[in-house]
Amino acid sequence: AFLFEASGTSTITEAFITASTFSNNSPQRALEVQVHDTATISDFVVSGNTFNANGIHASFTQDTSGNIEFYFVNNSVTTPNTADNVLQAVNVFSSSQATGGSIVGTISGNTIATNQEDISGISIVIQGRTDSTLLIDSNMITGAGPFGNRGITVAYRGPTTAVGPAQTHDLTITNNIVDNVTGQSGLGTTFFPLAAISVEADNQSGSFAFAPIVRADIAGNTVPSSAAFDLTSANIQFYEYDGDGTAGESQDGIGQLVDRAPASGSADAQLAGA
């Protein structure tokens, strides 16, 4: 398939992949964009392409203290039942050992059909000392396997060691249509749908002082009305891993939900209308 790497002190100011077809690369990745060391990738635009039957269709990853800014917009992504060993359709990831750097990304206007079990449409894991600003907007995500799959899942885990200052992340998830239930079947009539949209604030540093802060704006999305078989029963969930808030506990993420007018009485009430 196609691998694009920036390493050392290199700087990529613009890159465009448009009107291309990536197909039949399963179980491998069709498009992999990586930044290492202190390199910078700016304005990496993937637009108007067709992705079909790949292990991962498009992946954007960062490690060390590199910086990447990408736009994955207006693409058609399909994972048929005939594809083997597939993972998530769109992958965004930072290394747990990242010492700095940033990921700035837009995933917008895409049609993503994942007809496989346990396959997320969009999967994002941000960890290490990486800063992130992400927009997920106006995507159509469909497909359901026998044991459920999430349409959009975003997990923030922070660094593996207690080093500061704490990272503050900004996430916007708006105007997406996610149907990960229609057509689902399992053993007999039993199936286990997961949340359509899931955001997690976690902490793997072992120190509450360095827990990642996740500021999330979640609004205007359309998801199934049925209950989810997941961390909570809601189809839109913002899950804060939390012991009792005591400093030094390993699982104390900090989740902050952006309020929208009219003001909601609670975060649960706001997410119910998100």
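Being a predicted model, the structure only gives us computed values, none of them experimental.
To the nearest 0.5 angstrom, Ile218 atom CD1 is 10.0 Å from Gln237 atom CD. Between the CG atom in Asn54 and the OG atom in Ser26 there is a gap of 7.5 Å [rounded to 0.5 Å]. Between the CG atom of Asn110 and the OG atom of Ser76 there is a distance of 9.0 Å, given to the nearest 0.5 Å. For the atom pair CD (Gln88) and CZ (Arg29), the distance works out to 7.5 Å, reported to the nearest 0.5 Å. Rounded to the nearest 0.5 Å, atoms OH (Tyr156) and CD1 (Ile124) are 6.5 Å apart. Atom-to-atom distance recorded for Ile141:CD1 and Asp179:CG is 11.0 Å, nearest 0.5 angstrom.
Using cut-offs of 30° and 60° on the angle between ring planes, the pair Phe51 and Phe22 is parallel.
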Exercise for the section: Test side-chain contact (heavy atoms from CB on, under 4.5 Å) on Gln204 and Ser96 and set out the steps. Expected result: CA-CA 9 Å; Gln204 58 187 357; Ser96 64; 3.9 Å; yes
Q) Hey, mind stepping through Ile197 and Asn221 against side-chain contact (heavy atoms from CB on, under 4.5 Å) and telling me if it holds? A) CA-CA 9 Å; Ile197 299 174; Asn221 302 285; 3.8 Å; yes
**Message:** Arg150 vs Val178, test: side-chain contact (heavy atoms from CB on, under 4.5 Å). Steps then yes/no.
**Reply:** CA-CA 9 Å; Arg150 292 172 174 170; Val178 182; over 6 Å; no
Would you please test Glu69 and Ser42 for side chain to side chain donor-acceptor pair (under 3.5 Å) and show each step? CA-CA 5 Å; Glu69 179 182 358; Ser42 299; 4.8 Å; no
Review point. Do Ser102 and Asp131 pass the side chain to side chain donor-acceptor pair (under 3.5 Å) test, and can you show the C-alpha distance, the side-chain angles, and the key distance before you say yes or no?
Key: CA-CA 5 Å; Ser102 63; Asp131 288 318; over 6 Å; no
Worksheet entry | Verdict with supporting geometry, Val77 and Thr111, side-chain contact (heavy atoms from CB on, under 4.5 Å) | CA-CA 6 Å; Val77 181; Thr111 300; over 6 Å; no
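For the pair Gly109 and Asn139, the tightest heavy-atom approach, listed with the atom from each and the gap, is N-OD1, 3.4 Å. Annotation for His169 and Thr130: closest pair CE1-O, 2.9 Å, computed over non-hydrogen atoms. Minimum heavy-atom separation, Pro224 to Val181: CG-CG2, 3.6 Å. Shortest non-hydrogen contact noted between Asn49 and Ser20 is OD1-N, 2.8 Å. Across every non-hydrogen atom of Ala228 and Ala234, the tightest pair is CB-O, 3.5 Å. Of all non-hydrogen atoms in Asp63 and Ser95, the two that sit nearest each other are CB-CB, 3.7 Å.
Within the 4.5 Å cutoff, side-chain heavy atoms of Thr106 are placed close to those of Val73. At least one side-chain heavy atom of Asp259 sits under 4.5 Å from a side-chain heavy atom of Gln270. Looking at heavy atoms from C-beta onward, Thr160 lies out of side-chain contact with Ser205 at the 4.5 angstrom threshold. Residues Thr114 and Ser120 fail the side-chain proximity criterion, which asks for heavy atoms closer than 4.5 Å. Looking at heavy atoms from C-beta onward, Val90 lies in side-chain contact with Ile112 at the 4.5 angstrom threshold.
Applying the side chain to side chain contact (heavy atoms under 4.5 Å, CB included) test between Leu135 and each of Thr172, Ile107, Val104 identifies Thr172 as the sole match.
Thr174 places no side-chain N or O within 3.5 Å of a backbone atom of Ala219 that could act as its donor or acceptor partner. Asn235 places a side-chain N or O within 3.5 Å of a backbone atom of Ser226 that can act as its donor or acceptor partner.
One hydrophobic cluster holds both Phe2 and Phe70 under the rule that ILVMFWY side chains link at heavy-atom gaps under 4.5 Å. In the hydrophobic cluster analysis, where Ile, Leu, Val, Met, Phe, Trp and Tyr join through side-chain heavy atoms closer than 4.5 angstrom, Ile56 is grouped apart from Ile136. In the hydrophobic clustering of ILVMFWY residues, with side-chain heavy atoms under 4.5 Å counting as a link, Leu194 and Ile173 come out apart. Connection of Val125 to Ile103 is not established within any shared hydrophobic cluster, with ILVMFWY side chains joined at heavy-atom distances below 4.5 Å, either directly or through further cluster members. Val214 and Phe93 are assigned to two separate hydrophobic clusters, defined by single-linkage of ILVMFWY side chains at heavy-atom distances under 4.5 Å.
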Contacts table for residues 3-19: side-chain donor-acceptor under 3.5 angstrom, sequence neighbours left out:
from: Glu5; atom 1: OE2; to: His36; atom 2: NE2; distance (Å): 2.9
from: Ser10; atom 1: OG; to: Ser7; atom 2: N; distance (Å): 3.3
from: Ser10; atom 1: OG; to: Ser7; atom 2: O; distance (Å): 2.7

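The distance between the ring centers of Tyr241 and Tyr239 falls below 6.0 angstrom.
Under 3.5 Å, the side chains of His57 and Thr79 contain a donor-acceptor pair of N or O atoms.
In summary, Arg215 and Asp170 engage in a salt bridge, as defined by a charged side-chain N under 4.0 Å from a carboxylate O.
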